[in-house]
Asker: 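First the structure, then my questions, so here it is.
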Amino acid sequence: QVEVNATEEPKKSEKEYKKAMDTDYDIESFKYVIIGGGTAAYYAVDKILENDKEATILIISKERDVPYQRPPLTKNLWQTKDDNVVNTLSFSDWSGKQQNLLYEPESVYGSEILQFVKTRSVIDLHIDEKLVLLNDGKLIRYDKCLIATGGEPRNFKFTSTDKEKITTYRTVEDFKNLYNFIKDGNKHVTILGGGFLGSELTCSLGLNFGEKGIKLAQVFPENGVYANLFPEYLSNYATEEISKIGVDVKTKRLVKDITDNNGRLTVLLDDGSSFDTDHVVVAAGIIPNTDVVKSTTLEIDQVNGGYVVNPELQARTDLFVAGDVASYYDFSLGVRRRVEHHDHARATGELAGNNMSTKTTPNPYTYQPFFWSDLTPGVGFEAVGNTSAKLKTFSVWEKKEGENEEQKYNKGNIYYLNDKNQVVGVLCYGNYGKMDTARRLILKKRVIQDLNELQHAIDFDEH
Ligand code: FAD
């Protein structure tokens, strides 16, 4: 099946909607329509099924695959050492347990209660009439609707327009294509971006395919990886660790252009230098998918992007938004935010699903989601709250003993403070299972008089 690009479809006018409804046009109707088939969608459906025994649910997704988790796409799936992973999509999680990328097998999505429409986009929403319009012209009626459309990877225009050699990376399809491309080794791959996606993918390829002759370059404009998150010393350290696994890390460099070169690509940098590569992955962030509603206006957050929702995750009556595409009010930080992390997609999906199907008063979103990343065996963390590198930070490192003495940074807690000296974010480096303590610290909003008070705020014990 061919995926159809939503933006190429003509907008259905008000008149066409009316015509469709005035004739005996048979409009299929579902109690719950979920736009997007990612993590937020999955958890919403799970909650609806739990609450409403009479639910009829339709998930509409642009992708070919039923809902799946994205974090293993840059991590565990690359560690399997089994080329059949592109078919099985199974991997070991951090505890060694076998898992599958898909939340549920495809067979779960074929009943009267729960249906899944793949490779279709919603191109408009008629909020007053409670109708969604698909890119194949079909109209569907809903009682309650969830927008869980996530974001689209940002891409750039280069002289080379080779879409097979210059790709983005977000879907299971992207994983399969990249895996099949590099599995036999002896290729040069370039990753553009020093954030989560770019750094994790670089490390996974370097650690698991370096021996097979996969050569890597990582290019980004900042001084080091995770420059928007880590204090400068830690960003420099993590960058050195990536270099140590054989990656040619080109910091402080912008890509000016990419051109075709006899079956390969040439990457031109802003300092006038250039190098040849076989494949480029652009990992330059996402743009929230807010092109779903065209014929009515929904408020879009002008600062953070995304659809603005109230505390119950509603954009309008009976219209909910969850996951990467939601701009919400963060109660513990006192600011409006949009968060692009798995745990947030899970929690907002679950809450939206609950609020769509509950018979009692809907609940507000007061949860503080966490996020994590693993790069090399010595670079990994969990974090919560506002962890912008622009904030003042205070780091507490565990004294190293025994076998880890060689490693520069082993376990540490980094506290992020606002201008009133309140802790607004915590990053626990190599120190796992401390997120609840960190959340409580943020919620307290205590003004820290002396930073040394934070020395023992979070311990280094393993629970
Ligand atoms: P998505 O999962 O993006 O799902 C949205 C779905 O909606 C997509 O399938 C999209 O195609 C579909 N869609 C969009 N528009 C339409 C439309 N008009 N009609 C129909 N369907 C539409 N977070 C972490 O916290 N930790 C990690 O380690 C981590 N690793 C990641 C690794 C990768 C490779 C990626 C890409 C992301 C990672 N994230 C991680 C981020 C996390 O996966 C996202 O925050 C999460 O997937 C967001 O869920 P969502 O449901 O909001 O959106």
Side-chain angles (χ1 to χ4, degrees), residues 29-60 67 103-104 108-109 111-116 122 125-132 140-150 292-293 296 298-299 301 306-339 341-370 384 435-436 439-440 442-443:
S29 179
F30 289 84
K31 207 163 168 186
Y32 304 96
V33 168
I34 317 286
I35 309 174
T39 291
Y42 171 76
Y43 282 97
V45 168
D46 205 39
K47 203 70 196 171
I48 293 168
L49 289 172
E50 190 184 310
N51 282 351
D52 185 352
K53 301 296 168 225
E54 272 140 40
T56 54
I57 309 170
L58 176 70
I59 306 175
I60 304 157
Y103 289 115
E104 306 280 355
V108 164
Y109 299 89
S111 68
E112 267 179 30
I113 296 168
L114 179 58
Q115 292 184 32
F116 183 84
V122 169
L125 204 68
H126 203 280
I127 296 169
D128 297 333
E129 302 294 342
K130 294 193 168 181
L131 290 171
V132 298
I140 288 166
R141 197 183 298 280
Y142 63 84
D143 287 349
K144 308 256 169 116
C145 178
L146 173 68
I147 302 177
T149 47
V292 193
V293 186
T296 330
L298 273 190
E299 185 182 354
D301 182 332
Y307 290 123
V308 172
V309 291
N310 70 11
E312 288 82 20
L313 303 179
Q314 280 175 312
R316 292 276 302 269
T317 304
D318 297 334
L319 180 63
F320 294 75
V321 186
D324 284 7
V325 77
S327 154
Y328 71 103
Y329 184 73
D330 184 316
F331 281 87
S332 57
L333 297 180
V335 289
R336 188 156 274 283
R337 293 171 88 194
R338 192 174 61 75
V339 171
H341 291 303
H342 178 87
D343 187 43
H344 171 72
R346 178 198 60 73
T348 49
E350 204 171 271
L351 183 73
N354 181 67
N355 290 350
M356 289 164 86
S357 56
T358 185
K359 290 198 171 67
T360 57
T361 313
N363 294 322
Y365 187 59
T366 53
Y367 178 71
Q368 187 56 254
F370 86 108
V384 66
M435 291 296 99
D436 279 344
R439 284 187 185 103
R440 282 198 292 276
I442 296 169
L443 261 179

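In this text, all values refer to a predicted model and were calculated from it rather than measured experimentally.
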Asker: Just do the side chain to side chain contact (heavy atoms under 4.5 Å, CB included) check on L319 and L125 with the steps written out, would you?
Answerer: CA-CA 10 Å; L319 180 63; L125 204 68; 3.7 Å; yes
Asker: Under the criterion side chain to side chain contact (heavy atoms under 4.5 Å, CB included), I'd like the reasoning laid out for V321 against V308: C-alpha separation, chi angles, the key distance, then a yes or no.
Answerer: CA-CA 8 Å; V321 186; V308 172; over 6 Å; no
Asker: Nearest 0.5 Å please: distance from the OG1 atom of T360 over to the CG atom of N51.
Answerer: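 These two atoms lie 8.0 Å from each other.
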Asker: Could you walk me through whether V293 and Y307 satisfy the side chain to side chain contact (heavy atoms under 4.5 Å, CB included) test, starting with their C-alpha distance in whole Å, then the side-chain angles of each, then the deciding distance to 0.1 Å, before giving a yes or no?
Answerer: CA-CA 10 Å; V293 186; Y307 290 123; 3.8 Å; yes
Asker: If I compare all heavy atoms of I48 with all of G353, which pair ends up nearest, and what's the gap?
Answerer: CG1-O, 3.6 Å
Asker: What are the two closest heavy atoms between D343 and R439, and how far apart are they?
Answerer: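 Closest pair (atom of D343, atom of R439, distance): OD2-NH2, 4.0 Å.
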Asker: Does the ring of Y367 carry R346 above it, NZ/CZ under 6.0 angstrom from centre and within 45° of its axis?
Answerer: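 Cation-pi check for R346 and Y367: passes.
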Asker: What is the minimum heavy-atom distance between A41 and G37, and which atoms define it?
Answerer: CB-CA, 3.9 Å
Asker: Are the side chain of K130 and the backbone of R141 linked by a donor-acceptor contact shorter than 3.5 Å?
Answerer: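 Judged by distance alone, no pair lies under 3.5 Å.
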Asker: For the atom pair CZ (F370) and NE2 (H342), what is the distance rounded to the nearest 0.5 Å?
Answerer: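 It is 8.0 Å, given to the nearest 0.5 Å.
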Asker: Any side-chain to backbone donor/acceptor pair from N355 onto N363? Under 3.5 Å, distance only.
Answerer: yes
Asker: Under a 4.0 Å threshold between the charged nitrogen and the carboxylate oxygen, would D301 count as salt-bridged to R338?
Answerer: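 Looking at D301 together with R338, the answer is no, because their closest N to O distance does not fall below 4.0 Å.
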Asker: Roughly how far, to the nearest 0.5 Å, is the CD atom of Q368 from the CD1 atom of I442?
Answerer: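 Rounded to the nearest 0.5 Å, the CD1-CD separation comes out at 5.0 Å.
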Asker: Under a 3.5 Å distance rule, please check whether T56 uses its side chain to pair with a backbone N or O of F30 as donor and acceptor.
Answerer: no
Asker: Under a plain distance cut-off of 3.5 Å, with no hydrogens placed, do T39 and Y103 share a side-chain donor-acceptor pair?
Answerer: yes
Asker: Can you measure from NE2 (H344) to CG (L351) and round to the nearest 0.5 angstrom?
Answerer: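 Atom-to-atom, H344:NE2 and L351:CG are 10.5 Å apart.
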Asker: Just how far is it from atom CD of E312 to atom OH of Y328, taken to the nearest 0.5 Å?
Answerer: 15.0 Å
Asker: At their closest point, which heavy atom of G38 faces which heavy atom of P67, and how far apart are they?
Answerer: O-CB, 3.8 Å
Asker: What are the two closest heavy atoms between M356 and K144, and how far apart are they?
Answerer: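 Between these two residues, the closest heavy atoms are O-NZ, 3.2 Å.
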Asker: Measure the CG-CD1 distance between L298 and I127 for me, rounded to the nearest 0.5 Å.
Answerer: 4.0 Å
Asker: Name the residue from K47, E104, E350 that meets the side chain to side chain donor-acceptor pair (under 3.5 Å) definition with Y42.
Answerer: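 Single pass found, and it is E104.
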Asker: What are the two closest heavy atoms between V309 and A315, and how far apart are they?
Answerer: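 Looking at all heavy atoms of both residues, the closest pair is CG1-N, 4.1 Å.
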